[in-house]
Student: 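The structure under discussion is supplied below as structure tokens; questions concerning it will follow.
In this text, all values refer to a predicted model and were calculated from it rather than measured experimentally.
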Amino acid sequence: TNGLDGTWVSVASVLPGGNSGVSGEGPSARTGITANTFLGVKALRWEIAYSNNSGGQWFNVHLFGEPSPGENLQRLEIWHPTLDERIPPAYLDWGDVPRNSSAIRDFRIKNIHPALTANSVRAAMSILTDTTPSVVGQQSLSKDGGSSWAAQQTLPNPLGPGAISPILKIRRVTPANATLSLWWYRLFADCTSWT
């Protein structure tokens with residue numbers, strides 16, 4: 001209730017990385033991820049200690065999780081374009097890309113529920129970090145093989161129990177005047193109802 005009581009489990013020490021000693025800069029932004037498995041987590045707490053008494057700043061924290069086994073079966077997942085499995089963790093990481101470049105990746109959406117149909121399934125993006133020009137403007141989605149692109153796409157048909165959608169595409173177009181920085185976006189799928 002107050003951040004001190006309860007049973008707390010130490011997960012990991014997160015050390016600064018990057019060229020200037022600030023966590024999240026340089027290669028450590030993608031490779032310095034700490035992964036752990038815990039069930040029944042009710043709260044997260046950080047302890048920050050600096051040996052030189054210089055203080056510090058949080059620039060960004062990204063927390064990702066998934067339901068415990070058997071929970072929340074009413075969900076959609078981003079699926080591999082050809083295999084019957086989730087996409088690998090780094091599949092949508094564009095990596096270090098130059099200005100004035102583009103790339104396209106294929107994916108599908110799977111209805112995980114064993115008995116319910118997902119109606120009006122939508123693929124969309126949220127931007128966890130942004131800059132100028134906007135990161136969201138650099139990403140677009142296509143459901144027709146790349147003929148038309150938009151910030152979000154709604155599938156033409158419902159997804160039945162365990163069904164996998166046709167292939168969708170996500171495209172990155174980084175303009176020549178893009179700010180040099182580290183950016184994060186999140187691709188997700190949702191629906192309007194379950195029947």
Side-chain angles (χ1 to χ4, degrees), residues 24 27-39 41 60-98 101-130 134-174 178 182-195:
S28 65
R30 290 192 301 271
T31 60
I33 296 171
T34 301
N36 288 282
T37 301
F38 292 99
L39 300 177
V41 173
N60 46 56
V61 175
H62 303 286
L63 301 174
F64 298 92
E66 61 186 356
S68 299
E71 292 184 3
N72 189 21
L73 294 177
Q74 290 180 322
R75 69 183 196 273
L76 303 165
E77 291 192 353
I78 305 300
W79 218 245
H80 195 280
T82 57
L83 304 175
D84 189 12
E85 64 186 30
R86 292 172 67 178
I87 58 172
Y91 183 78
L92 294 175
D93 183 349
W94 298 112
D96 295 324
V97 298
S101 68
S102 64
I104 296 174
R105 300 235 168 93
D106 294 343
F107 68 96
R108 297 181 294 171
I109 299 170
K110 181 172 183 176
N111 176 1
I112 301 301
H113 203 283
L116 295 179
T117 295
N119 301 298
S120 298
V121 175
R122 173 183 72 134
M125 292 168 285
S126 62
I127 304 302
L128 304 175
T129 57
D130 211 352
S134 176
V135 174
V136 71
Q138 298 177 43
Q139 317 284 332
S140 54
L141 299 166
S142 176
K143 65 180 177 184
D144 60 11
S147 296
S148 60
W149 298 90
Q152 61 183 5
Q153 295 287 346
T154 300
L155 298 180
N157 301 309
L159 276 183
I164 303 173
S165 76
I167 289 179
L168 292 99
K169 295 178 179 293
I170 183 169
R171 178 178 67 179
R172 173 194 56 80
V173 178
T174 304
L182 296 171
W183 303 329
W184 289 267
Y185 73 97
R186 180 175 66 104
L187 175 65
F188 64 91
D190 60 13
C191 67
T192 58
S193 65
W194 295 87
T195 54

Student: Between the main-chain N or O of Pro166 and the side-chain N or O of Arg108, is there a donor-acceptor pair closer than 3.5 Å?
Tutor: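 No: the side chain of Arg108 does not pair with the backbone of Pro166.
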
Student: Can you name the closest pair of heavy atoms from Ile170 and Trp149 and give their distance?
Tutor: C-CZ3, 4.2 Å

Student: Would you name the heavy atoms of Phe188 and Asp190 that are closest together and state the gap between them?
Tutor: CE1-OD2, 3.6 Å

Student: Is any side-chain heavy atom of Tyr91 less than 4.5 Å from a side-chain heavy atom of Leu187?
Tutor: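 They are not in contact (no side-chain heavy atoms under 4.5 Å apart), so the answer is no.
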
Student: Determine whether His80 and Phe107 make a side-chain contact, defined as any pair of heavy atoms from C-beta on separated by less than 4.5 Å.
Tutor: no

Student: Decide yes or no for His113 and Pro161: does some side-chain heavy atom of the first lie under 4.5 Å from some side-chain heavy atom of the second?
Tutor: no

Student: Measure across Arg105 and Asp93 and return the closest heavy-atom pair with its distance rounded to 0.1 Å.
Tutor: NH1-O, 3.3 Å

Student: CG of Leu159 to NZ of Lys110: how many Å apart, nearest 0.5 Å?
Tutor: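 That separation rounds to 11.0 Å.
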
Student: Can you sort out the partners of Thr174 under side chain to side chain donor-acceptor pair (under 3.5 Å), two or more places apart, ordered by chain and number?
Tutor: Arg172

Student: For Ala151 and Leu141, work out which heavy atoms get closest and say how close.
Tutor: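 Reported closest heavy-atom pair: O-CD1, 3.7 Å.
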
Student: Between Ser142 and Ser148, is there a donor-acceptor pair closer than 3.5 Å when you use the side chain of the first and the backbone of the second?
Tutor: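 The answer is yes, because a donor-acceptor pair under 3.5 Å joins these two groups.
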
Student: Quickly, which of Gln139, Gln152, Arg186 forms a side-chain contact (heavy atoms from CB on, under 4.5 Å) with Met125? Name it, please.
Tutor: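 That would be Gln139; it is the only one of Gln139, Gln152, Arg186 passing the side-chain contact (heavy atoms from CB on, under 4.5 Å) with Met125.
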
Student: Quick check: do Arg75 and Glu77 have side-chain heavy atoms less than 4.5 Å from each other?
Tutor: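 Touching, per the 4.5 Å side-chain cut-off.
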
Student: Let me know which of Asn111, Leu76, Leu155 forms a side-chain contact (heavy atoms from CB on, under 4.5 Å) with Ser165.
Tutor: Leu155

Student: Side chains of Asn119 and Cys191: closer than 4.5 Å at any heavy-atom pair?
Tutor: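 With C-beta onward as the side chain, the pair stays apart.
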
Student: Compare every heavy atom of Leu168 with every heavy atom of Lys143, then report the nearest pair and how far apart it is.
Tutor: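 Reported closest heavy-atom pair: CB-CD2, 4.1 Å.
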
Student: Taking C-beta and beyond as the side chain, do Ile112 and Trp79 meet within less than 4.5 Å on heavy atoms?
Tutor: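 They are in side-chain contact.
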
